[in-house]
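Structure first, commentary second.
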Amino acid sequence: MEGVLALIKDDLRRVEEEFRRRLKSRVPLITRIAEHLVKSGGKRLRPALLILASRLCGYRGEAHIPLAGAIEFIHTATLLHDDVIDNAEVRRGSPSANVLWGNEASVLVGDFLFSRSFSMMVEVGDLRVLQVMAEATTQLAEGETFELMKTGDLSTTEEENLRMITQKTASLMSAAARIGAILGGAPPEKEESLADYGLKVGIAFQLIDDCLDYVGREEALGKKVGTDLREGKITLPLIHTLKNCSKAERDFIREVILDSGQSEEQIEAVVRIVCRHGGIAYTVQRARDFVDEAKEKLMIFEPSPERAALIGLADYVLERDF
Ligand code: FPP
Ligand code: MG
């Protein structure tokens with residue numbers, strides 16, 4: 001990941017400046033909350049995807065900076081809303097905004113960032129870019145709503161899970177890569193390849209995220225583990241386990257998922273069942289397959305430092321700290 005970031009270091013610095021400039025509001029609470037979020041870090045994966053894809057396609061203009069800023073604003077808005085939905089306590093190693101300022105303020109500042117991102121895109125003035133982003137954010141909202149509908153539903157299938165993570169996570173990464181291609185004036189087959197690359201990287205990213213929720217380290221993740229189980233989120237490690245475990249184990253898992261006040265011991269027992277039935281190993285393997293497919297999509301491009309960086313970015317998704 002260091003190599004990826006080194007290549008676009010100057011652009012990423014300019015994106016950070018853009019954030020700071022565009023966070024300003026006449027309402028001090030908005031500026032305070034938004035600054036807390038943007039300053040508390042984040043991997044800037046989506047801006048990196050957009051910038052690298054644009055450069056891979058030969059773009060030499062300036063619009064990638066506000067657009068990379070806009071996509072990170074949208075991502076941050078969705079996290080604000082998601083932490084309210086998930087009753088999260090920690091985000092990026094700090095107490096989450098819903099804990100510090102409450103649900104109402106979190107939702108509203110999410111709305112502010114979301115709206116501001118569209119102003120930034122309108123200023124760039126490319127209708128296709130706006131169309132891609134509007135489509136991606138519709139998908140995000142659909143995916144998150146579908147996940148909500150499926151909460152606690154132990155009959156959720158792998159296909160349904162794939163559809164859900166494609167919408168809620170991969171669609172924005174795909175949009176980032178596609179917008180880079182649009183800026184660079186790439187021909188349709190190259191634009192599609194980059195959009196597919198982003199989609200597959202996004203799916204792999206969420207699959208690993210769902211593993212880390214079972215077996216990650218809280219210090220490395222900057223958020224609490226075990227949250228999915230506590231919230232009744234049925235992700236692929238559990239879907240695979242439910243398909244392969246005994247009836248007694250399935251009954252126990254159902255009881256834990258449907259109980260609102262689960263104990264640490266119950267959560268740990270479910271984690272052990274998931275590990276015993278290879279739920280983590282299976283999900284990591286699926287993520288590996290998606291990363292391989294993503295990298296394959298880049299082979300339509302000639303070798304270049306940007307292509308190598310995008311390959312590195314795909315690999316990074318699998319190397320995130322367990
Ligand atoms: C994180 O998932 C959540 C998302 C990737 C999408 C959230 C989308 C919305 C809230 C709806 C759309 C909102 C707008 C403003 C368009 P997670 O809970 O699995 O990840 P986490 O463990 O990091 O919280
Ligand atoms: Mg969440």
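Along the sequence shown, the residues carry numbers beginning at 1.
Taking the centre and axis of the six-membered ring of F146, the NZ or CZ atom of R163 falls inside the cone set by 45° and 6.0 Å.
With a 4.5 Å cut-off on side-chain heavy atoms, L236 and E158 count as touching. Side-chain contact between S171 and L140: present, with at least one pair of heavy atoms (C-beta onward) separated by less than 4.5 Å. When side chains are defined from C-beta on, V124 does not count as touching V129, because their heavy atoms never get closer than 4.5 Å. Two residues are said to be in side-chain contact when any heavy atoms from C-beta on lie closer than 4.5 Å; L7 and R55 meet this criterion. With a 4.5 Å cut-off on side-chain heavy atoms, L113 and L23 count as touching. Under the 4.5 Å side-chain criterion, counting only non-hydrogen atoms from C-beta, L127 is not in contact with Q131. Put simply, the side chain of V274 does not reach to within 4.5 Å of the side chain of V215, judged on heavy atoms. Side-chain atoms of L130 and F118, non-hydrogen and from C-beta on, do get closer than 4.5 Å to each other.
To the nearest 0.5 Å, the span separating OG1 on T166 from CZ on F290 amounts to 7.0 Å. To the nearest 0.5 Å, atoms CG (N103) and CG (L80) are separated by 11.0 Å. We find the CG-CG distance between L183 and L50 to be 6.0 Å, quoted to the nearest 0.5 Å. A distance of 10.0 Å separates CD of E249 from CG of L242, quoted to the nearest 0.5 Å. Rounded to the nearest 0.5 Å, atoms CG (L108) and CD1 (I30) are 8.0 Å apart. Taking CD1 from I234 and NZ from K150, the interatomic distance works out to 10.0 Å, rounded to the nearest 0.5 Å.
No donor-acceptor distance shorter than 3.5 angstrom exists from the side chain of D228 to the backbone of D213, with no hydrogens or angles considered. For R92 (side chain) and L37 (main-chain N/O), a donor-acceptor pair under 3.5 Å exists by modelled atom type. A donor-acceptor contact shorter than 3.5 Å links the side chain of Q262 to the backbone of V256. Using modelled atom types, no side-chain atom of S54 and backbone atom of G184 make a donor-acceptor pair closer than 3.5 Å. Remark: side-chain polar atoms of N161 are not paired, donor with acceptor, to backbone N or O of T156 under 3.5 angstrom. Under a 3.5 Å cut-off, the side chain of S94 and the backbone N or O of V90 do not form any donor-acceptor pair. When atom types are taken as modelled, the side chain of S174 and the backbone of A195 share a donor-acceptor pair closer than 3.5 angstrom. The backbone N or O of L310 lies less than 3.5 Å from a partner atom in the side chain of Y197, making a donor-acceptor pair. Put simply, the side chain of R46 never gets that close to the backbone of A175: no donor and acceptor are under 3.5 Å apart. Put simply, the side chain of N244 gets close to the backbone of H240: a donor and an acceptor are under 3.5 Å apart.
A perpendicular orientation is assigned to the rings of H36 and W101, their planes being inclined by more than 60° (bins at 30° and 60°). Between H64 and Y59, the ring-plane angle classifies as perpendicular under the 30° and 60° cut-offs.
Classification of K233 and D86 as a salt-bridged pair holds, one side-chain N sitting under 4.0 Å from a carboxylate O. Look at E72 and R44 and you find a salt bridge, because one of the NZ, NE, NH1 or NH2 atoms lies within 4.0 Å of a carboxylate O, short of that distance. Under the 4.0 Å criterion applied to side-chain N and carboxylate O atoms, E135 and R178 are not assigned as salt-bridge partners. In summary, R21 and E18 engage in a salt bridge, as defined by a charged side-chain N under 4.0 Å from a carboxylate O. By the 4.0 Å N-to-carboxylate-O rule, K168 lies too far from D82 to be salt-bridged with it. Note on E62 versus R14: salt bridge recorded, some NZ/NE/NH1/NH2 to OD/OE distance being below 4.0 Å. Between R288 and D292 there is no salt bridge, since no side-chain N of the basic residue sits under 4.0 Å from a carboxylate O of the acidic one. At a threshold of 4.0 Å, the pair R13-E17 counts as salt-bridged, since one of the basic side-chain nitrogens sits closer than that to a carboxylate oxygen.
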Stepwise side-chain contact (heavy atoms from CB on, under 4.5 Å) check, I311 with M299: CA-CA 10 Å; I311 292 173; M299 294 308 131; 4.0 Å; yes
Test log, rule salt bridge (charged side-chain N to carboxylate O under 4.0 Å, His left out), inputs K200 and D196: CA-CA 6 Å; K200 288 172 190 296; D196 284 349; over 6 Å; no
Test side-chain contact (heavy atoms from CB on, under 4.5 Å) applied to I65 and D11, step by step: CA-CA 7 Å; I65 303 294; D11 278 348; 3.9 Å; yes
Derivation of the side-chain contact (heavy atoms from CB on, under 4.5 Å) call for L172 and Q139: CA-CA 8 Å; L172 195 60; Q139 298 259 342; over 6 Å; no
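Using a 4.5 Å cut-off between side-chain heavy atoms of Ile, Leu, Val, Met, Phe, Trp and Tyr, with links allowed through other members, V271 and L154 fall into the same hydrophobic cluster. No continuous path of ILVMFWY side-chain contacts below 4.5 Å connects L49 to M133, so the two sit in separate hydrophobic clusters. Under the 4.5 Å side-chain contact rule for hydrophobic residues, F252 and L238 share a cluster. Criterion: ILVMFWY side-chain heavy atoms under 4.5 Å apart, direct or through other members. Under it, L56 and I71 are not part of a common hydrophobic cluster. Note on I51: it clusters hydrophobically with V317, by side-chain heavy-atom contacts below 4.5 Å among ILVMFWY residues.
Annotation for L298 and R307: closest pair O-CD, 3.5 Å, computed over non-hydrogen atoms. Taking every heavy atom of both residues into account, A48 and L12 meet most closely at N-CD2, 4.4 Å. Taking every heavy atom of both residues into account, M120 and G69 meet most closely at CE-C, 3.8 Å. Closest non-hydrogen pair, S117 versus A70, comes out as CB-O, 3.5 Å. Of all heavy-atom pairs between A88 and V99, the closest is O-CG2, 3.7 Å. Looking at every heavy atom in both residues, I182 comes nearest to V132 through CD1-CG2, 3.8 Å.
Residues passing the salt bridge (charged side-chain N to carboxylate O under 4.0 Å, His left out) test with D209 are K223, R320, sequence neighbours excluded.
Annotation: E104, atom CD; neighbour count of heavy atoms from other residues, nucleotides and ligands within 6.0 Å does not exceed 12.
Partner of R91 under the side chain to side chain donor-acceptor pair (under 3.5 Å) criterion, chosen from D83, N98, T76: D83.
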